[in-house]
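Input: a single structure, listed below in structure tokens.
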Protein chains: 2
Amino acid sequence: MASERPARGIRERNRRELTAEILASARRHLAEHGSADLSLRAITRDLGMASSAIYRYFASRDDLLTALIIEAYNDLGQMVEDADERVANRQDLAARWLAICRALRDWALANPHQWALIYGTPIQNYSAPEDTIGAATRATGRMMSLLIEASTDGASDRTVRNEVGLRSEVGLLSPMLYETVWGAAPNLREEQVVEGVGAWAQVIGLVTLELFGHLNNVIADRDGSFTQLVVGMGDRLGVRAPSNSYVAVEE
Amino acid sequence: MASERPARGIRERNRRELTAEILASARRHLAEHGSADLSLRAITRDLGMASSAIYRYFASRDDLLTALIIEAYNDLGQMVEDADERVANRQDLAARWLAICRALRDWALANPHQWALIYGTPIQNYSAPEDTIGAATRATGRMMSLLIEASTDGASDRTVRNEVGLRSEVGLLSPMLYETVWGAAPNLREEQVVEGVGAWAQVIGLVTLELFGHLNNVIADRDGSFTQLVVGMGDRLGVRAPSNSYVAVEE
DNA sequence: CTATATCGAGAGCGGTGCTCTCCTTTAGTC
DNA sequence: GACTAAAGGAGAGCACCGCTCTCGATATAG
């Protein structure tokens, strides 16, 4: 079980440990004061090192923030995945949908500054590096794949969309998303996927509005309203509990 | 037409003018570099004054930002109201709904940093002063009152909500919203209002996600997707074009 | 053992928000 | 019209920030 090298030197070990300590301190500062007030000097003071020394570990403040962003994405993703998998009856898409959405909101309420870091105003001069996108898509991916699964199942009993004359030829979605979706569900209609993105946007929007104070004199019971909306959303998108069969769910 | 006092002294006139110039410069800096990089010293440099002099006009950086926030709210509100009123057929709620939503998004795309200022991460130590709430509710108010109008009209042909067992006794909404809504439409069901808030959250969510880059590898035709979702939303909430009567709309 | 890469510490640069003091200019009053 | 009081501009200065550079200590590799 010994890692790559047992002790490749105290330098390498120290480096890993110090990097972790810096991140831990940064996480603490972020949770307490938000990303705007996150100061490298404060972190080095915390750790009792010279202010310049931190640049041996993170090239810039943005680099540190990027690390925190990836952490946040992964943390949220893990939370959502766990919540989903905790639903015993895998066929109960409605329960899974609700669990996922509630996990998202709960995490946001518990970690408001990290939520702001990933879904709030982007930090300047920051263009998501490659490392981010893997982590970034974890939570969203869960939601979307569940919605896709639902759309495939009960595609027949979905009410027909508006006939207002919207274009229906392929082109709304990005090429990348086409590949992903078409791979999983070849005969899914494009509009269904767009509706899924809409549901995702609504959940993110609700949580963001709540967290940023825009629901303050609007909604009293946030828990109840959120649940109502999420359930309604799932309902519309065909996210259903295992239809009539109450028993016959073997394997 | 001469204002309150023709020239109550050059002091008062200068004060108004300089305040306006400061705000103009701040607006310029905000539009170019975003709120995080908005520097009081840069503004004073712009205006050729001492860095300390600005504090005669704005007590702090947060104060200046608050002024910009109110400006942004009002600007957005004006845009939305204008767009709504430009729809000739006032009975065509669908057209008005789409116009409002598109105006919101267009304004956001044209003024991304101002959008971030009001719907992005809130600035620290900032608790919306009284002056804000009037401006803040302009755009949102338009959307909500239109949705309420629609819900009252076609309340009968709305599909019944889920029967999952959500509470229905009064309590989801804030007392303030109850007063507002119940005054305008006494027999509106609470769940309808919550659905309206949900629609609002979806629109805000869509625009925010788009602006903050979260739709980058997801949706190609943002215009088309946005329109589809908004139209679908209105459809569900009973926002309809003037039903069958194509002519008989007198008065 | 030695050459080399790593890394901590300190000084320093230009920037920030904000305060305090000094001094000029304007406003309102006998 | 002189006089007091308020308003406002200018400058120095404080404590902070991100970041760079240099120097000396230390660990690693040959």
Side-chain angles (χ1 to χ4, degrees), chain A residues 3-23 25-26 28-30 32-69 117 122-126, chain B residues 3-23 25-26 28-30 32-69 117 122-126:
Chain A
S3 56
E4 300 255 20
R5 294 283 193 88
R8 216 304 211 8
I10 51 180
R11 276 229 161 116
E12 196 159 318
R13 204 202 54 189
N14 279 356
R15 175 159 255 282
R16 261 203 299 271
E17 281 182 5
L18 234 184
T19 307
E21 278 185 59
I22 291 172
L23 273 172
S25 174
R28 224 162 36 235
H29 279 91
L30 173 67
E32 280 175 27
H33 313 296
S35 68
D37 286 7
L38 196 155
S39 141
L40 297 190
R41 293 182 112 110
I43 294 173
T44 57
R45 251 178 272 127
D46 241 38
L47 272 54
M49 64 201 292
S51 70
S52 58
I54 199 175
Y55 291 93
R56 302 280 184 196
Y57 300 87
F58 292 92
S60 70
R61 186 173 177 277
D62 278 11
D63 257 42
L64 217 198
L65 281 176
T66 302
L68 289 176
I69 289 177
L117 201 56
I123 60 178
Q124 280 71 13
N125 317 324
Y126 170 84
Chain B
S3 56
E4 300 255 18
R5 294 283 194 86
R8 210 323 206 357
I10 50 180
R11 277 235 161 111
E12 197 159 317
R13 204 202 52 190
N14 279 356
R15 175 159 255 281
R16 262 204 297 270
E17 282 182 3
L18 235 184
T19 308
E21 278 186 59
I22 291 173
L23 273 172
S25 174
R28 222 161 39 237
H29 278 92
L30 173 66
E32 281 175 26
H33 312 296
S35 67
D37 285 8
L38 197 154
S39 141
L40 297 189
R41 294 182 110 111
I43 294 174
T44 58
R45 251 177 273 127
D46 241 37
L47 272 54
M49 64 200 293
S51 71
S52 56
I54 200 176
Y55 290 94
R56 303 281 184 195
Y57 300 87
F58 293 93
S60 70
R61 186 173 177 277
D62 278 9
D63 257 42
L64 217 199
L65 281 176
T66 301
L68 289 177
I69 289 177
L117 202 56
I123 59 178
Q124 280 70 13
N125 317 325
Y126 170 84

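It should be emphasised that the depicted structure is a prediction, and the values quoted were computed from it without experimental measurement. Heavy-atom basis, side chains included; hydrogens, waters and symmetry copies ignored.
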| request: Grab the OH-C1' distance between Tyr57(A) and dG8(C) for me, whole Å please. | output: 8 Å
| query | Do the non-hydrogen side-chain atoms of Tyr55(A) and Leu40(A) ever get within less than 4.5 Å of each other? | reply | yes
| request: Sugar-phosphate atoms are those with a prime plus P, OP1 and OP2; base atoms are the rest. Using that split, label each nucleotide of nucleotides 18-27 of chain D B, S or - for protein heavy atoms under 4.0 Å, 5' to 3'. | output: BBBBB---BB
| note | Ile43(B) atom CD1 is separated from dC18(C) atom C1', nearest whole Å, by 15 Å
| said: Once you apply a heavy-atom cut-off of 4.0 Å, does Ile54(B) come out as touching a base, just sugar-phosphate, or nothing? | reply: nothing
| said: Is the shortest side-chain heavy-atom distance between Asn14(A) and Glu17(A) below 4.5 Å? | reply: yes
| Taking atom C1' of dT16(C) as reference, at what distance in whole Å does atom CG of Leu64(B) sit? | 15 Å
| message | Nearest whole Å is fine: how far is dA6(D) P from Glu12(B) CD? | response | 17 Å
| task | For the residue pair His29(A) and Ser25(A), establish whether any side-chain heavy-atom pair is separated by less than 4.5 Å. | result | yes
| said: Set out, in order, the CA-CA distance, both residues' side-chain angles and the distance that settles side-chain contact (heavy atoms from CB on, under 4.5 Å) for Asp37(B) and Glu32(B), then state yes or no. | reply: CA-CA 9 Å; Asp37(B) 285 8; Glu32(B) 281 175 26; over 6 Å; no
| task | Answer yes or no: is there a side-chain heavy-atom contact under 4.5 Å between Leu47(A) and Ile54(A)? | result | no
| message | Mind checking if Leu47(B) touches a base, just sugar-phosphate, or nothing, with heavy atoms under 4.0 Å? | response | nothing
| Partner of Ser35(B) under side-chain contact (heavy atoms from CB on, under 4.5 Å), chosen from Leu68(B), Leu64(B), Leu65(B) | Leu65(B)
| message | Taking any heavy-atom pair under 4.0 Å as a contact, classify Arg45(B): base, sugar-phosphate, or nothing. | response | sugar-phosphate
| To the nearest Å, how far apart are Leu18(B) CG and dA10(D) C1'? | 14 Å
| task | Write down the distance between CZ (Arg16(B)) and C1' (dA7(D)), rounded to a whole number of angstrom. | result | 16 Å
